[in-house]
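Sequence lines set the chain letters: A, B, ... in the order given, protein chains first and strands last, and positions in each chain run from 1.
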Amino acid sequence: MKRVDLVRKLRREAAVTPAALDRGKAVLMAAIRQEVQPMRRPTIVPRLPYEDVGAALSFLERAFGFREVSAARGVRADGAIDHTMVEFGDGMIGLGAQGAHGAFSPKRAGTATQYITVHVDDIDAHHQRAVASGAEIVSRLHDHLRDYRVYEALDLEGHRWRFLQWLREVPQSERH
Amino acid sequence: MSSPPDAEVIGRSLDDPEAFGVIYDRHAAALLRFLGRRVGAGVGEGLVGELFRIAFEQRKTFDVSRASALPWLYGIGSNLLLNHRRGEARRLRASARMAAAHDAADKRAGAAALDARLLFPRVADAIEALPDEERSALLLFAWEDLSYQSVAEALELPIGTVRSRLNRARAHLRELLEPDGKRRVRSR
């Protein structure tokens, strides 16, 4: 028997699982994103803990129009998103697995302990989108004096968000 | 419409990095199998993403006169595997045990099968003992069925060098398998 044929006989098939292919692709795509968009680093970045970061991300994108900073995405061995960041206008917020830094999702803690104010350009359209996406409205859309229009909503794990649009520039003397 | 060749996709990815994802979709399964054969599925799975990350970062160096990126990717994979010699040796010995058991069980193989238990571990040791550059060339040729031309592209060597390297690998195997084989070494 020829030597190369002997070598050939030691060839073994290796299984290819779709999950393994997906994990490999996630590594590549992270490298690609790194090149496409070098990450912005605002001075202060609040981070919100979630039980299911992946579900939270898609909800925040769908309901509130946030956009993932995909270069920030960290994926666990099982393919689930461990942490990532979203941006909206010039603001940025981190999403992370609860418990990792001693903070817990309101879903587990039973209460929200903070709320985040987000300025939007078209509050009515924003409100409509949030409602259509199933966000729980906890403070209805209304005008506050004649200064701004505002509503508050809970996301799918109970974090509280306050969206508002200024209606006019309020002079210093009139500010409360 | 036929899909654009790899060279075109990689060319496009210089300005549009995300286009490189297509290269992954086309070739990742083949490379994953290649890595799995060499170091086992578990380690191979950990390496395939790394392999394509390196390819992405080195995509400017891809020779666009080559239509397929596959040999180039095999070359990157072969380099990566050099850091996994121990895992590869383990895998090879396990393959030898399996091949030997398989051949010994094959009644039709007759008397030759009796030698299988002895022969395959020696083949494994012989492959393991080859210099890195000969082992890389030999396994791309024998296990991945790459042509001389593709092996040359993978290892960035002239085709003549690939030929002589494969000949040397064969000669080495012969020496390692037959203590008296040295006398019979000849070039093909």
Side-chain angles (χ1 to χ4, degrees), chain A residues 1-41 53-54 57-58 61 65-87 97, chain B residues 13 16-21 23-25 28-41 44-57 91-92 94-96 98-99 102-103 112 119-120 122-124 126-127 138-139 141-145 166 169-174 177:
Chain A
M1 192 187 289
K2 284 204 302 210
R3 303 300 163 218
V4 171
D5 291 336
L6 280 173
V7 171
R8 218 161 247 152
K9 283 205 128 176
L10 295 186
R11 179 186 196 263
R12 252 162 88 181
E13 274 316 317
V16 171
T17 62
L21 282 175
D22 289 347
R23 281 195 296 275
K25 185 148 190 187
V27 173
L28 170 66
M29 295 318 280
I32 292 177
R33 284 190 298 265
Q34 202 75 49
E35 185 172 308
V36 177
Q37 34 174 227
M39 218 190 298
R40 229 156 37 81
R41 298 184 200 283
V53 176
L57 172 64
S58 55
E61 288 179 324
F66 295 174
R67 227 177 62 110
E68 184 184 18
V69 181
S70 38
R73 181 186 285 202
V75 179
R76 287 198 301 258
D78 64 1
I81 302 176
D82 181 74
H83 57 269
T84 188
M85 290 188 149
V86 290
E87 59 185 353
Chain B
S13 78
D16 174 15
E18 301 205 356
F20 201 84
I23 299 297
Y24 186 92
D25 296 338
L31 271 304
L32 190 51
R33 266 184 229 108
F34 163 64
L35 295 168
R37 273 195 278 277
R38 297 278 296 264
V39 288
E45 286 175 13
L47 289 178
V48 70
E50 179 69 1
L51 190 163
F52 278 86
R53 189 188 61 74
I54 293 169
F56 171 70
E57 280 164 7
R91 171 94 179 158
L92 203 48
S95 299
M98 272 180 58
H102 181 265
D103 262 35
L119 183 58
F120 283 111
R122 281 169 59 205
V123 177
I127 297 173
L138 179 71
L139 295 182
F141 175 76
W143 283 7
E144 306 307 315
D145 284 329
L166 284 172
R170 288 180 179 120
H172 267 132
L173 285 178
R174 197 171 300 140
L177 290 173

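- In terms of heavy-atom proximity, Val48(B) sits nearest to Gly24(A) at CG1-CA, 4.1 Å.
- Judged as a ring pair (Phe, Tyr, Trp, His ring centres under 6.0 Å), and not counting sequence neighbours, the contacts of Phe56(B) are Phe20(B).
- By the salt bridge (charged side-chain N to carboxylate O under 4.0 Å, His left out) test, Asp145(B) is found to be paired with no residue, residues two or more places apart in sequence or in another chain being considered.
- Here the side chains of Thr17(A) and Leu32(B) are not in contact, with every heavy-atom distance at 4.5 Å or above.
- Residues Arg53(B) and Ile32(A) fail the side-chain proximity criterion, which asks for heavy atoms closer than 4.5 Å.
- Both the backbone and the side chain of Phe141(B) come within less than 4.5 Å of a heavy atom in chain A.
- The side-chain heavy atoms of Tyr24(B) and Leu21(A), taken from C-beta on, include a pair separated by under 4.5 Å.
- Among the candidates Ala29(B), Ser13(B), Ala55(B), Ala41(B), the residue making the largest number of heavy-atom pairs closer than 4.5 Å to chain A is Ala29(B).
- Rounding to the nearest 0.5 angstrom, the gap separating the CH2 atom in Trp143(B) from the CZ atom in Arg8(A) is 12.0 Å.
- Considering all non-hydrogen atoms of both residues, Leu119(B) and Leu6(A) come closest at CD2-CD2, 3.6 Å.
- With a threshold of 4.5 angstrom between heavy atoms, Leu139(B) approaches chain A through side-chain atoms but not through N, CA, C or O.
- When Arg38(B), Glu50(B), Met98(B), Glu57(B) are compared by the number of non-hydrogen pairs under 4.5 Å with chain A, Met98(B) comes out ahead.
- For the atom pair CD (Glu18(B)) and CG (Leu28(A)), the distance works out to 10.0 Å, reported to the nearest 0.5 Å.
- For Arg67(A), the CZ atom counts as loosely surrounded, since its 6.0 Å shell holds 12 or fewer non-hydrogen atoms of other residues, nucleotides or ligands.
- To the nearest 0.5 Å, the span separating CZ on Arg37(B) from CD on Glu13(A) amounts to 5.0 Å.
- To the nearest 0.5 Å, the span separating CZ on Phe52(B) from CE on Met29(A) amounts to 12.5 Å.
- Ala94(B) touches chain A through backbone and side chain together, each having a heavy atom under 4.5 Å away.
- For chain A, no part of Ile54(B) is nearby; none of its heavy atoms comes within less than 4.5 Å.
- For chain A, the nearby parts of Arg91(B) are the backbone and the side chain; heavy atoms of each come within less than 4.5 Å.
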